[in-house]
Amino acid sequence: MFLLEYEGKQLFRDGGVTVPNSFIIPRGSEASIPEGFSFPLVVKGQYLAGGRGKAGAVKIVKTEDEFREAVESIFNLKIRSSYPSHILVEEFVPHSKEMYLSILVSKPDKGYVILASKEGGVEVEELARKEGVLMKLYVDPITGLLPFHQRLVSKFLFGGMNKSFMKLLASLFKLVVEKDLLLAEINPLAVLEDGSVMALDSKVIVDDNSEFRHDLTKYYEYTSVLTEGEKLGKKYGFSYVPLEGDIGVMGNGAGLTMATLDLVAYYGGKPACFIDVGGGASEERIGTALDVMLREIRPKAIFVNIFAGITRCDDVARAIVSVVKKRGLDISKMVIRLTGTNEDIGEAILKEAGFKVHKDMDEAAKEVVKLCQ
Amino acid sequence: MFLLEYEGKQLFRDGGVTVPNSFIIPRGSEASIPEGFSFPLVVKGQYLAGGRGKAGAVKIVKTEDEFREAVESIFNLKIRSSYPSHILVEEFVPHSKEMYLSILVSKPDKGYVILASKEGGVEVEELARKEGVLMKLYVDPITGLLPFHQRLVSKFLFGGMNKSFMKLLASLFKLVVEKDLLLAEINPLAVLEDGSVMALDSKVIVDDNSEFRHDLTKYYEYTSVLTEGEKLGKKYGFSYVPLEGDIGVMGNGAGLTMATLDLVAYYGGKPACFIDVGGGASEERIGTALDVMLREIRPKAIFVNIFAGITRCDDVARAIVSVVKKRGLDISKMVIRLTGTNEDIGEAILKEAGFKVHKDMDEAAKEVVKLCQ
Amino acid sequence: MSVKGVKNFVPDDVRVLVQGITGKQGSFHTEQMLKYGTNIVAGVTPGKGGQEVHGVPVYDTVKEAVEATGANTSIIFVPARFAYDAVLEAIYAGLNPIVVITEGIPANDTVKFLRIAKANGVRIIGPNCPGFIVPGLTKVGIMPNQYFKPGNVTIISRSGTLTYEVAWNVLKAGFGHRLVVGVGGDYVIGTNFLEFFDEILKYDEDTEAVVVIGEIGGDDEERLAKYIVETGFDKPVIGYVAGRTAPPGKKMGHAGAIISGSSGTADAKIKSLKEAGVHIAYRPSDIPEILKRVIK
Amino acid sequence: MSVKGVKNFVPDDVRVLVQGITGKQGSFHTEQMLKYGTNIVAGVTPGKGGQEVHGVPVYDTVKEAVEATGANTSIIFVPARFAYDAVLEAIYAGLNPIVVITEGIPANDTVKFLRIAKANGVRIIGPNCPGFIVPGLTKVGIMPNQYFKPGNVTIISRSGTLTYEVAWNVLKAGFGHRLVVGVGGDYVIGTNFLEFFDEILKYDEDTEAVVVIGEIGGDDEERLAKYIVETGFDKPVIGYVAGRTAPPGKKMGHAGAIISGSSGTADAKIKSLKEAGVHIAYRPSDIPEILKRVIK
């Protein structure tokens with residue numbers, strides 16, 4: 001789960017990683033400056049999507065008027081179809097250099113990797129393309145961060161031992177391990193006149209799988225920006241991603257559901273959502289997922305693609321029929337592909353309820369695309 | 001460093017390993033029972049040497065008179081030439097079984113080993129000789145103790161999951177790692193009527209090398225039982241072990257000094273002490289070590305065996321001459337074997353001061369033995 | 001037909017231990033595996049030792065189970081919060097390979113137990129995977145029994161259901177399976193595509209063609225492509241990559257299926273594989289046709 | 001005379017890195033090793049990068065030093081509290097072997113870095129050891145230069161000074177040394193007697209006889225004896241064990257030299273070795289005579 005910048009910074013602050021003094025303005029509340037803050041201030045819209053700098057959602061202000069103006073304009077600034085849920089206002093920190101630092105759980109290395117660069121403020125992908133600009137340091141999960149790792153990174157960035165930096169690196173690593181972060185990125189990392197360092201931005205991904213052992217909810221206000229459907233997905237255990245087309249797609253299994261989206265596109269259709277109800281899908285889960293699709297997406301047609309192994313086709317058929325009845329849906333706009341365990345019983349149940357049922361995925365995809373033309 | 005039973009138990013108590021309620025009577029203070037304790041009580045002499053049970057230094061008392069009598073008799077009971085420095089008095093804990101449990105840093109396994117047995121109260125060597133009585137479980141230093149280790153030991157001892165025991169095992173392991181113990185032994189481990197467990201004895205060895213990172217001095221009152229010489233050895237960095245013969249032996253290097261003891265014995269002599277002044281021995285260290293030997297041992301003769309590699313013979317010679325002068329020693333009772341780097345200069349210095357100097361270890365050993373006959 | 005084990009991976013004499021056998025999933029799939037003919041010799045659930053599940057004896061600890069039954073392969077169904085402990089218990093009891101079905105294990109736990117497995121020379125499949133099947137020999141997994149028959153096509157996949165779909169298509173086209181394995185949908189997994197090729201498939205004489213089912217996220221497909229080019233891997237490989245229409249920044253069902261910035265897209269993966277000489281399927285239904293072309 | 005490296009241990013082209021080179025010990029022994037002819041290519045002391053010690057360039061980190069100089073072997077002099085970090089820095093920079101001279105490292109640190117070294121296939125000598133010397137090739141240690149000459153007698157010892165004494169006796173008797181190594185006096189050490197025999201000496205064609213210098217404590221000598229019996233190790237072995245007169249329960253200078261209860265006595269060790277066919281020396285001065293007998 002991505003955290004918003006200010007949530008990540010709260011995590012940093014609590015973990016001993018220095019960040020600027022700041023305050024938060026949630027959408028809809030009044031834009032006033034608390035005591036103890038003085039100009040210049042930096043006004044930053046909080047979005048999950050990137051690219052806010054170029055879009056103009058970060059402004060340095062020097063007066064009360066500029067401040068109010070910035071807050072208003074940023075709250076009305078859309079990036080990738082979303083308005084900021086909050087605005088973060090920070091003291092401007094004078095600094096002499098901007099660097100890059102991140103720690104991530106690395107998939108190919110199956111361990112931790114520290115990335116560091118003397119050049120900050122640009123995307124890490126861009127740094128990676130330049131020769132010798134990005135340091136990559138593997139940290140073994142059985143040792144964790146050791147003093148020599150701190151020295152290596154400090155040497156690379158500063159040409160020597162920068163104690164403030166080495167302390168920050170240790171704190172950041174501790175956060176990654178103890179709070180189960182998949183990514184903790186500081187970009188830019190400011191180097192102040194006195195050589196000390198400070199995190200001017202945060203990009204944090206928390207491992208969703210770690211929820212059972214942390215209560216990080218105090219950092220999660222951003223879940224308020226999730227749609228009702230995304231929240232229900234979390235609750236009932238299905239994956240739900242809204243898309244921009246008109247065909248609602250539901251499948252069992254992440255790979256199969258992605259393949260279904262691709263197949264719909266292959267035949268010229270446009271998927272309106274991705275819903276993976278997973279293995280052994282219960283009637284309740286399938287029902288809720290269909291509900292979400294209908295309420296949030298209102299697709300022109302629906303494509304349910306179930307390849308039953310452990311899941312039983314008859315259970316799936318009953319779940320679909322039940323939801324359709326409850327909500328009085330137009331079944332002429334629904335294409336069901338159902339095959340595998342108990343497929344004959346499932347097919348019989350659905351046909352009795354008036355559905356078109358397919359055994360072949362390609363045939364079904366063609367059919368649902370036709371329905372939308 | 002071995003801890004006395006009550007010191008080990010204090011460590012246990014602070015680390016969450018359950019021990020009986022108790023109080024301490026230091027040698028020389030009055031034997032009174034604090035409020036809150038009731039009979040029967042167990043009165044236990046605190047010795048570094050083993051075998052106190054058989055020697056009669058543990059008594060169960062039921063009345064005030066028995067208590068005073070036990071304290072007095074135990075304070076006057078010598079084991080291996082030492083009186084107890086303290087007496088530990090504990091509440092008697094009724095229990096249904098006595099078991100054995102220890103955790104050690106294992107030399108051959110280069111990791112941790114848990115030893116456990118359903119039979120307690122006997123020496124572990126005895127348990128090891130019987131088939132199937134002692135469980136040995138390796139714990140990898142890179143994982144530490146895991147729940148499955150707890151389950152394995154609990155299953156072996158109790159045939160199932162004993163939560164009180166599993167908690168105690170985890171606490172004990174944590175002590176081994178966090179307090180740098182080379183050995184933490186509980187023998188006997190009492191199993192009470194309700195199935196819970198308690199440490200009735202403690203045998204703890206603290207890793208001397210870990211002193212730089214712990215202040216365990218509060219557990220170390222027993223250092224009061226060290227001789228002045230042993231304390232000076234700790235302070236100045238030489239190893240000093242008093243022995244029972246009449247030839248004081250000093251060498252540089254543990255192996256060489258042990259070999260010197262053995263050689264003295266080979267030729268029929270009896271070493272009075274082992275002093276290893278180590279590599280690059282300074283005048284101060286050699287002087288202090290000789291001082292200790294003379295003060296605490298008063299040997300009939302002294303054998304100094306120096307094989308100089310990094311150490312320089314002239315430095316050693318000067319140190320010896322200086323100490324001898326300061327204390328007006330009888331150099332006719334000193335045999336010096338000196339060879340290696342700068343041996344000629346060293347020999348000259350010593351000969352000038354009237355010493356017999358040897359280059360050959362066997363010749364020197366024979367000579368010093370002759371001096372004592 | 002007598003089917004041999006797979007070198008460096010599946011022993012000829014597979015003796016399976018089920019960790020978490022008394023749970024709902026563990027019990028259900030034990031029954032399914034037994035029906036398939038898998039030699040399940042023992043189960044473990046702490047505190048439930050002495051019971052039986054579908055006739056399989058249950059032990060409190062893995063060590064006891066191994067000592068009593070000679071189990072050599074583990075399949076793990078325990079809940080995510082206990083998985084770290086369960087995997088290490090299996091490693092130190094000498095089981096190899098270890099298949100971790102469990103979903104939802106924190107990546108911090110996974111990287112640790114994978115590192116320790118490596119230090120002990122133990123292969124892990126998963127986590128969050130359907131396991132593996134060598135039709136005719138054994139099934140150590142949760143795939144439905146009916147879609148697999150002995151043969152010479154090996155399928156390596158990051159997916160579950162999609163794999164069954166493809167396996168079934170392969171079957172309907174007249175081919176059989178040498179080995180079908182789901183490597184797992186988690187962010188970090190024990191054995192990835194490259195490792196499967198380099199450590200196992202290049203030694204397996206019974207594999208005639210390999211079907212690789214990738215998906216968005218990470219760079220396992222790109223790394224495999226590079227490996228094929230560099231080593232000149234000499235069996236025909238067919239590739240399908242799911243998620244060509246997936247948007248960036250969204251996790252598509254699997255923890256590992258996410259496009260970050262511009263990396264991990266299906267198009268990039270397809271391009272790499274194609275350049276490495278891999279036969280690309282754009283639809284799952286293309287696979288049987290390609291197989292007919294590449295297997296003589 | 002051209003002397004080769006020792007298989008599985010000392011490369012032909014030894015390029016030594018000194019960790020803790022600017023300290024008193026590190027600097028002194030760097031000079032001694034240079035005098036002996038050791039190819040010391042770099043030193044490391046964090047924060048002292050850019051300096052030189054006896055002409056050897058100093059780096060801030062091991063990685064830089066290795067990249068700049070191709071160092072392949074490390075000798076560590078850093079204080080005990082920094083040793084854990086220093087050893088791991090050397091392991092992850094690919095140095096092998098690593099000789100840990102440092103005395104006073106807590107056993108908890110040692111067991112951890114040894115385990116990680118093993119997981120990375122790296123050999124550790126020590127801690128608390130004098131290092132090793134292959135006369136005519138290199139000295140990676142702190143032994144005095146003058147007592148060693150090329151030859152075919154290998155000495156493996158738990159001691160320091162006593163080893164030099166024995167080496168000198170061997171020399172005076174007309175023999176030379178193939179390899180002399182002090183395995184370390186600490187409680188837990190990286191490479192013990194058995195490992196030296198099994199992993200190194202059995203492959204070394206240039207060793208004609210082995211002198212083992214043991215001492216009280218632990219059971220390394222007993223385990224070696226068992227190994228010799230079980231494998232029929234076919235070179236003559238001479239054994240000396242120090243501490244026959246040491247009392248139980250007292251630490252004799254070395255952390256590892258302690259008789260616990262009835263185990264670890266010199267008599268038990270001598271008995272085991274004798275039964276394994278090892279020629280026992282009761283005095284260091286017996287060794288040359290025995291050598292003359294066993295080397296034809």
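Reminder, nothing fancy here: chain letters follow the sequence lines and each chain counts from 1. Values in this document were obtained by computation on a predicted structure and should not be read as measured data.
The two residues B/A259 and D/P284 come nearest to each other via the heavy atoms CB-CG, 4.4 Å. Counting all heavy atoms, side chain and backbone alike, B/G255 lies closest to D/E215 at CA-OE1, 4.0 Å. Between D/V188 and B/S106, the closest heavy-atom pair is CG2-O, 4.2 Å. The two atoms that bring D/D219 and B/P108 nearest to each other are OD1-CG, 4.1 Å, heavy atoms only. The two atoms that bring B/V105 and D/V111 nearest to each other are CG1-CG1, 3.8 Å, heavy atoms only. Residues B/D207 and D/A107 approach most closely at OD2-N, 2.6 Å, considering heavy atoms.
Atom NZ of B/K270 is surrounded by 12 or fewer heavy atoms from other residues, nucleotides or ligands within 6.0 Å. Within a 6.0 Å radius of NZ in D/K172, other residues, nucleotides and ligands contribute more than 12 heavy atoms. Within a 6.0 Å radius of CD in B/E343, other residues, nucleotides and ligands contribute more than 12 heavy atoms.
Comparing B/A254, B/G245, B/G251 by how many heavy-atom pairs each has under 4.5 Å with chain D, the most go to B/A254. Between chain D and the residues B/E125, B/E123, B/R213, the largest count of heavy-atom pairs under 4.5 Å involves B/R213. When each of D/G190, D/G218, D/G249 is scored by its heavy-atom pairs under 4.5 Å with chain B, the top score falls to D/G190. Of the listed residues (D/T245, D/N108, D/I216), the one with the most heavy-atom contacts under 4.5 Å to chain B is D/N108. Counting heavy-atom pairs closer than 4.5 Å to chain D, the top residue among B/P271, B/P141, B/S239 is B/P141. Ranking D/Y282, D/Y164, D/W168, D/Y240 against chain B, the residue ahead of the rest is D/W168, based on heavy-atom pairs under 4.5 Å.
The line from OH of B/Y240 to CE of D/M252 is 12.0 Å long, rounded to the nearest 0.5 Å. Residue D/T110 holds its OG1 atom at 8.0 Å from CG of B/N209, rounded to the nearest 0.5 Å.
Contacts of D/E165 with chain B are made by both backbone and side-chain atoms, with heavy-atom separations under 4.5 Å. Both the backbone and the side chain of B/F307 come within contact range of chain D, each with at least one heavy atom under 4.5 Å from a heavy atom of that chain. With a 4.5 Å cut-off on non-hydrogen atoms, B/A365 does not touch chain D at all. Only the side chain of D/D220 comes within contact range of chain B, with heavy atoms under 4.5 Å apart. With a 4.5 angstrom heavy-atom cutoff, D/K112 touches chain B via backbone and side-chain atoms both. Interface residue D/I105: only backbone heavy atoms are found under 4.5 Å from chain B. Only the side chain of B/L263 comes within contact range of chain D, with heavy atoms under 4.5 Å apart. In this structure, no portion of D/Q25 lies under 4.5 Å from any heavy atom of chain B. For D/I142, the part lying under 4.5 angstrom from a heavy atom of chain B is the backbone only. If you measure heavy-atom distances from D/A257 to chain B, the contacts under 4.5 Å come from the side chain alone. Looking at D/K251, both its backbone and its side chain come within 4.5 Å of chain B, counting heavy atoms on both sides. Heavy-atom distances place the side chain of B/D140, and not its backbone, under 4.5 Å from chain D. Both the backbone and the side chain of D/D109 come within contact range of chain B, each with at least one heavy atom under 4.5 Å from a heavy atom of that chain. Only the backbone of D/V241 comes within less than 4.5 Å of a heavy atom of chain B; no side-chain atom from C-beta onward does. Neither the backbone nor the side chain of B/F238 comes within contact range of chain D; no heavy atom of the residue lies under 4.5 Å from a heavy atom of that chain.
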Begin from the C-alpha positions of D/R283 and B/Y267 and carry the test side-chain contact (heavy atoms from CB on, under 4.5 Å) through to its verdict.
CA-CA 11 Å; D/R283 300 175 300 176; B/Y267 290 114; 2.5 Å; yes
Between B/Y266 and D/R244, does the side-chain contact (heavy atoms from CB on, under 4.5 Å) criterion hold? Intermediate values first, please.
CA-CA 10 Å; B/Y266 183 90; D/R244 289 204 303 289; 4.2 Å; yes
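Looking at B/D276 and D/H254, their side chains never come closer than 4.5 Å, going by heavy atoms from C-beta outward. Side chains of D/N192 and B/K110 form a contact here, defined as non-hydrogen atoms less than 4.5 Å apart. Counting only heavy atoms from C-beta outward, the side chains of B/L243 and D/P247 approach each other to under 4.5 Å. Contact annotation: the side chain of D/I116 approaches that of B/I142 to within less than 4.5 Å [non-hydrogen atoms, C-beta and beyond].
Looking only at atom types and distance, the side chain of D/Q146 has a donor-acceptor partner in the side chain of B/T341 under 3.5 Å away. Side-chain atoms of D/Y187 and B/D208 form no donor-acceptor pair, as typed in the model, at a separation below 3.5 Å. There is a side-chain donor-acceptor pair under 3.5 Å between B/D362 and D/S285.
B/D262 places a side-chain N or O within donor-acceptor distance of the main-chain N or O of D/G243, the cut-off being under 3.5 Å. Of the possible polar contacts, one joining the D/T161 side chain to the B/N252 backbone as a donor-acceptor pair under 3.5 Å is found.
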